[in-house]
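Per chain, numbering begins at 1; letters A, B, ... match sequence-line order.
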Amino acid sequence: MRENLPKNYDPKEFEDRLYGFWNDNGYFTPEIDENKKPYTIMMPPPNVTGSLHMGHALNNTIQDILIRWKRMEGYSALWLPGTDHASISTEAKVVEKIKSEGRSKDELGREGFLKEAWEWTDLYGGTIKNQLKKLGVSCDWTRDRFTLDEMLSNAVEEVFVRLYDKGLIYRGDRIINWCPSCHTAISDAEVDHEDSHGHLWHVNYPVKDSDETITIATTRPETILGDLAVAVHPEDERYTHLVGKTVVLPLVGREIPVIADNYVEMEFGTGALKITPSHDPNDFEVGARHGLGQCVVIDEDGYINENGGEFKGLERFAARKAIAEKLNEEGLLKEVKDHDNAVGHCERCKTVIEPIISKQWFVKMEPLAKPSLEAYYKGEINFVPERFGKVYVHWLENIKDWCISRQLWWGHRLPVYYCDDCGEIIVSREDVNSCSKCKSTNIRQETDTLDTWFSSALWPFSTLGWPEDTEDLKYFFPTDVLVTGYDIIFFWVIRMIFSSLEQMGELPFKDVFLTGLVRDSEGRKMSKSLGNGIDPLEIIDEYGSDALRFTLITGNTPGNDMRFIIDRVEANRNFANKLWNATRFVLMNLEENMEKPTLEGMDLQVEDKWILTRLHTIIGEIKDNMDKYEIGLAGQRIYDFIWEDYCDWYIEMVKSRLYGDDKESAKTAQNVLVVVLKETLKLLHPFMPFITEEIWQHLPGSSEALIVESWPAADTDLVFQKEKEDIEFIKTAIKGIRNARAEMNIIPSRKSKLIFVLENDSLKPIIEDSKVKFMALASAEEIVFEVDKRNLGDDNISVVLDGCEVYLPLSDLIDFDKEIERLQKEKSKLEDEIKRVKSKLSNEGFVSKAPAKIVEEEKEKQIKYSQMLENVLERLESLKR
RNA sequence: GGGCGGUUAGUUCAGCUGGUAGAACGCUACGUUGACAUCGUAGAGGUCGUUGGUUCGAGUCCAAUAUCGCCCACCA
């Protein structure tokens, strides 16, 4: 059954195969088991027609690590995947597609367009899911959801109706952000403000029946056409006498009042502000306060309408230019200044947003925001890293009503019906055919659809079957952690929280793990327009999924942006290769008949106890790291353990036993090698699932699948303090000897005799016990002990250690000047150390105030280093003679 | 105008509740020892942006400041 591992690490050979193996065996699908604790993560649904980018790769890797870890810890772990219909984004793609075929939305009509959209979805909907599989995501595909699924659409309707009935959804004429290109309203969150260089036009408005003029300042002269007042600050003495008077609107001739309002900043511009209630959110407010009414001059396409007189039909920016010119001609343009300000752009298409008055549907936010803030203040929401809590609070404290209606077709149509006879508005879960008030059948459904985030806000529970009281919902809700990018806190995280508090009465998750952005190697945001995006699939193809995953989660911290450096992927691929080859080594040295590796009845040697101690130490440390979401640190610890402790030291130390005559000792080593390797594979599995599973299945005594093995627990019976210290000493000695030999340019093939001169007997058994290790790892040919170093000649290299000196007689090879130089270096190192320790210990404050333990350690160091220095000095003296 | 983050070895980044600065890559020298050259051994490289403060002791806490970047924001 056990076959050999192929000679080369080739992730392509097994990654897809293992994904299929896991998925086909149902390992991703958790059982609803009351004896187990649930652990739930909802995958942030990518756009249904999107494709995988590094951001997805990062946060899905994190989720996969968490879910695999918890699954191994024995939880019933559900990771629910799905996709988002992404209304505006998908609709734009479909519009573009039909446009390229010479057709338009209007031609197709609603039904026809939706048919196209579904075809598009069917065509591209599977793409990102298949790409995610390449990454190794162990999510439950049997519970795959789509925001337009019937089940989720029911949830959307239910929430809409409930909120409406509670008065939390209302319809109204408000000033909203209009995208003239996407031809829909969008919410505040969907507007990107970009600083742009513009101008500040100072325009004279003549005061009626007077020679006076009042000069206003505006960045948007085209909106003059819609002005309904000029406002000044109530306390602005320059204008007090004009308040209440009337001015004549240039170009238009309309007579409008001068009003006083606190909103006006006296210092800005001229201190006089034109008021255009229909095309500026602030002016809208001012206008409402003063009962100015409305005057719409820009239409939904961004063109001046019939209210614009001679400018009718001009595009808004052309109108700006034309109007500025006309004002200039008429001598009303006092001056034009350069002026930078933030201009709102459509997040999706980058078109400049036009604030317009429009009848739209809104969610009243204040009552929903309040509980969300309270939950946070009570400490019930844990942001990782914590600082994002402030972002959350700031947004909620300044929240405005949420415009949820979109003039789009791809999405959830509002469950709203209008009676054309009596004007009744009916909001209903079921289709409405007749008016509940006048019984008329002259009924039509609202044509608008909902903001795509309205449905994703319900994701944590709509995916589990809510509003039905399903078994899934009862068992898996609330979820445990949300993993997503900090850029969608406003769009999504907050909305899920208030939606869940409102509908479910509890938080949708306890922890919010926020990832940073993956940038290119120069720190730029990856973007299509720059063409600097790195395709995760290409990386996987070249280096393997495990290498990519490991790269994404190490060497960075949550919430901080990271640069994608290809060299790091290569390094991690090399790490996988290292593990692969270490396994091959273990396998080729196993007895054919080994069935189940065990520590039972084994006569553990000192290095066996050392590696077990190291293993069980990191098991504990990794648990701590994982509990704190320090997954990068956890990964780093396993990496170091495998490469340094296991490969560089343990395997090397154990080789002589494997090849030696002592069969029992060899057998013990074999068992420890496999036992430790298998525990290590478990620890590494969440991070590098493919290679670990592949190796696992090749090892003796393995269960059928590592993915469902249980997570290692730290075992104090396998922590051996004495043996650990002994091996640490041996390592230091070997390193010291190697160092000395390298500095003296002694080639490794030239073996040397090691003469140990001990300060006392305590080290003797330890050294004797490790004779073989010195032979192998320090190129020794013989080990002897000498009591009196005066018996040794000068033709030695001397390595000074804590508690002993090691002499290497290599008379013919020794360049004494070099040896003196080397010892001088040792000397100054030790002197520096002693100086540091002494100054610390002579500091009255340190000795009296620092913890006794720290002081004691420093004292011990002083003695140790002094002794070592003495030995070095002695040695130097004898060489100089 | 507010808020936040970065500033640590040539490069990319770690560094938890303060106690002699770490990794990877790169670089230098050596190495065909029976897993691995996608490797091994050894080495060089840092006044932890600057200035103050708290402390016996600060990369680590506090305050200023410089610089880069991000987010929010109704001075038109």
Side-chain angles (χ1 to χ4, degrees), chain A residues 5 7-9 193 200 216-220 223 231 263-276 280-286 339 341-342 385 387-388 390-391 394-395 398 486-487 489-490 516-517 521 523 543 551 554-557 559-568 570-589 624-625 628 630 632-633 636 639-640 647-648 651-652 655 658-659 735 738-743 745-749 776-777 779 832-833 836-837 840 843-851 853-855 857-858 861:
Chain A
L5 224 44
K7 191 162 167 36
N8 294 312
Y9 165 62
H193 290 276
L200 197 55
I216 58 88
T218 181
T219 53
R220 301 194 57 197
T223 61
Y263 164 68
V264 181
E265 296 280 336
M266 288 192 274
E267 291 74 29
F268 189 86
T270 61
L273 170 65
K274 64 190 237 18
I275 301 296
T276 320
D280 182 282
N282 305 306
D283 292 9
F284 180 83
E285 300 290 333
V286 176
H339 178 71
N341 68 335
R387 64 173 184 276
F388 287 103
K390 285 189 183 177
V391 178
H394 183 260
W395 172 264
N398 295 283
Y486 61 70
D487 51 335
I489 293 176
F490 307 132
L517 262 47
S521 61
Y543 298 96
T551 303
T554 51
N556 63 72
T557 32
N560 282 357
D561 293 356
M562 65 175 294
R563 295 186 194 207
F564 192 85
I565 311 284
I566 194 70
D567 285 357
R568 292 192 53 236
E570 196 174 320
N572 291 136
R573 189 271 321 263
N574 293 351
F575 168 60
N577 181 63
K578 183 80 182 173
L579 174 62
W580 185 266
N581 282 294
T583 307
R584 281 183 56 229
F585 171 82
V586 171
L587 285 174
M588 66 179 62
N589 286 289
D624 282 350
N625 288 142
K628 288 191 271 183
E630 294 168 350
L633 291 179
Q636 191 63 48
Y639 180 103
D640 291 342
C647 293
D648 290 349
I651 286 185
E652 294 305 327
K655 275 181 179 171
L658 296 172
Y659 304 140
K735 279 193 216 167
R738 281 171 174 172
N739 178 346
R741 292 173 54 103
E743 298 252 311
N745 293 329
I746 295 163
I747 52 169
S749 57
L777 303 183
S779 293
D832 286 351
E833 262 327 287
R836 191 191 59 79
V837 175
K840 258 193 147 169
N843 182 338
E844 180 55 32
F846 176 73
V847 179
S848 59
K849 291 184 181 172
K853 194 185 156 213
I854 303 282
V855 178
E857 277 171 15
E858 291 297 322
K861 279 181 204 164

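Distance, A:Lys7 NZ to B:A37 C1': 11 Å, rounded to whole Å. Atom CE of A:Met562 is separated from atom C1' of B:C70 by 18 Å (rounded to the nearest Å). As rounded to whole Å, 15 Å separates atom P of B:C39 from atom CD1 of A:Ile651. Atom CG in A:Asp561 sits roughly 10 Å away from atom P in B:C13 (whole-Å rounding). Atom NZ in A:Lys578 sits about 10 Å away from atom C1' in B:U38, given to the nearest Å. Atom CD in A:Glu743 sits roughly 11 Å away from atom P in B:A42 (whole-Å rounding). What separates CG of A:Asn625 from P of B:C16 is a distance of 12 Å, to the nearest Å. One interatomic measurement links the two molecules: CG of A:Asn843 to P of B:C56, which rounds to 9 Å at whole-angstrom precision.
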Could you go through A:His394 and A:Phe490, starting from their C-alpha distance and side-chain angles, then the distance that decides it, and tell me whether this counts as ring pair (Phe, Tyr, Trp, His ring centres under 6.0 Å)? CA-CA 10 Å; A:His394 183 260; A:Phe490 307 132; 8.6 Å; no

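Look at the P atom in both B:G2 and B:A64: the space between them is 13 Å, to the nearest Å. Between B:C70 and B:U38, the distance separating the two C1' atoms is 38 Å to the nearest Å. Taking atom C1' on both B:A9 and B:C62, the two are 28 Å apart, rounded to the nearest angstrom. Using P as the reference atom, B:G59 and B:U17 are 15 Å apart when rounded to the nearest Å. Annotation: B:G52 and B:G43 have their C1' atoms spaced 39 Å apart (nearest Å). Taking atom C1' on both B:G46 and B:C13, the two are 14 Å apart, rounded to the nearest angstrom.
Looking at A:Arg387, its side chain does come within 3.5 Å of a backbone N or O of A:Gly559 through a donor-acceptor pair.
When the nucleotides B:A35, B:C16, B:A42 are ranked by their closest atom to the side chain of A:Lys628, B:C16 comes out on top.
A 3.5 Å limit on both hydrogen-bonding distances identifies B:C27 as the Watson-Crick or G-U partner of B:G43. In this entry B:A76 has no Watson-Crick or G-U wobble partner, no candidate having both defining distances under 3.5 Å. Partner assigned to B:A66 is B:U7, using Watson-Crick or G-U wobble distances below 3.5 angstrom. The partner of B:U38 is absent, by the rule that a Watson-Crick or G-U pair needs both atom distances under 3.5 Å. In this entry B:C56 has B:G19 as its Watson-Crick or G-U wobble partner, both defining distances falling under 3.5 Å.
At B:G19, none of the side-chain N or O atoms of A:Lys853 fall inside 4.0 Å of OP1 or OP2 (strictly under the cut-off). Between A:Tyr639 and B:A14, a side-chain N or O to OP1/OP2 separation shorter than 4.0 Å is absent. Residue A:Asn574 places at least one side-chain N or O closer than 4.0 Å to OP1 or OP2 of B:C39. Regarding contacts with the backbone of B:U33, every side-chain N or O of A:Ser779 stays at 4.0 angstrom or more from both OP1 and OP2. When the side-chain nitrogen and oxygen atoms of A:Lys390 are compared with OP1 and OP2 of B:G5, none of them lie within a distance under 4.0 Å. The side chain of A:Arg568 places no N or O atom within less than 4.0 Å of a non-bridging phosphate oxygen (OP1 or OP2) of B:A24. The phosphate of B:U12 has OP1 or OP2 within less than 4.0 Å of a side-chain N or O from A:Arg563. For B:A24, the OP1/OP2 oxygens have no side-chain nitrogen or oxygen of A:Asn572 closer than 4.0 Å.
Look at A:Glu857 and A:Lys840 and you find no salt bridge, because none of the NZ, NE, NH1 or NH2 atoms lies under 4.0 Å from a carboxylate O.
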Shorter than 3.5 Å, N or O on both sides, protein versus nucleotides 73-76 of chain B: list them out with atom names.
{"unit_1": "B:C74", "atom_1": "O4'", "unit_2": "A:Asn282", "atom_2": "OD1", "d": "3.2"}
{"unit_1": "B:C74", "atom_1": "O4'", "unit_2": "A:Asn282", "atom_2": "ND2", "d": "3.3"}
{"unit_1": "B:C74", "atom_1": "O2'", "unit_2": "A:Tyr263", "atom_2": "OH", "d": "3.2"}
{"unit_1": "B:C74", "atom_1": "O2'", "unit_2": "A:Asn282", "atom_2": "ND2", "d": "2.9"}
{"unit_1": "B:C74", "atom_1": "N1", "unit_2": "A:Asn282", "atom_2": "OD1", "d": "2.8"}
{"unit_1": "B:C74", "atom_1": "O2", "unit_2": "A:Asn282", "atom_2": "OD1", "d": "3.4"}
{"unit_1": "B:A76", "atom_1": "OP2", "unit_2": "A:His339", "atom_2": "NE2", "d": "3.4"}
{"unit_1": "B:A76", "atom_1": "O3'", "unit_2": "A:Thr219", "atom_2": "OG1", "d": "3.2"}
{"unit_1": "B:A76", "atom_1": "N6", "unit_2": "A:Glu265", "atom_2": "O", "d": "3.1"}
{"unit_1": "B:A76", "atom_1": "N6", "unit_2": "A:Phe268", "atom_2": "O", "d": "3.0"}
{"unit_1": "B:A76", "atom_1": "N1", "unit_2": "A:Glu265", "atom_2": "N", "d": "3.2"}

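The closest side-chain donor-acceptor pair between A:Asn560 and A:Asn556, if any, does not fall under 3.5 angstrom. Side-chain contact check for A:Asn282 and A:Tyr263: at least one donor-acceptor pair (N or O, by modelled atom type) lies under 3.5 Å. Remark: the A:Thr276 side chain and the A:Arg220 side chain contain no N/O donor-acceptor pair separated by less than 3.5 Å.
Nucleic acid contact class of A:Glu858 (heavy atoms, under 4.0 Å, all strands): none. Across all strands, A:Ala850 comes closer than 4.0 Å to base atoms (heavy-atom distances). The residue A:Glu570 sits apart from the nucleic acid: no heavy atom pair falls under 4.0 Å. Residue A:Leu633 is in sugar-phosphate contact alone, with no base atom involved, counting any heavy-atom pair closer than 4.0 Å across all strands shown. Among the protein residues, A:Lys735 comes within range of the sugar-phosphate backbone only, with heavy atoms under 4.0 Å from sugar or phosphate atoms but none that close to a base. Among the atoms of the strands shown, none is found under 4.0 Å from any heavy atom of A:Thr583.
The shortest side-chain heavy-atom distance between A:Ile489 and A:Trp395 does not fall under the 4.5 Å cut-off. With contacts defined as side-chain heavy-atom distances shorter than 4.5 Å, the pair A:Gln636/A:Glu630 does not qualify.
Both A:Thr554 and A:Asp648 sit near RNA chain B, but only A:Thr554 has its closest nucleotide nearer the 5' end.
The base of B:U38 lies close enough to the side chain of A:Arg573 for a donor and an acceptor atom to sit less than 3.5 Å apart.
The CG atom of A:Asn739 sits 5.0 Å away from atom CD of A:Glu743, with the distance rounded to the nearest 0.5 Å.
The aromatic rings of A:Tyr486 and A:Phe388 sit parallel to each other, their planes meeting at less than 30°, with 60° as the upper class boundary.
B:G57 has no stacking from A:Phe846 on its base ring, since the centres under 5.5 angstrom apart and planes within 30 degrees of parallel are not both found.
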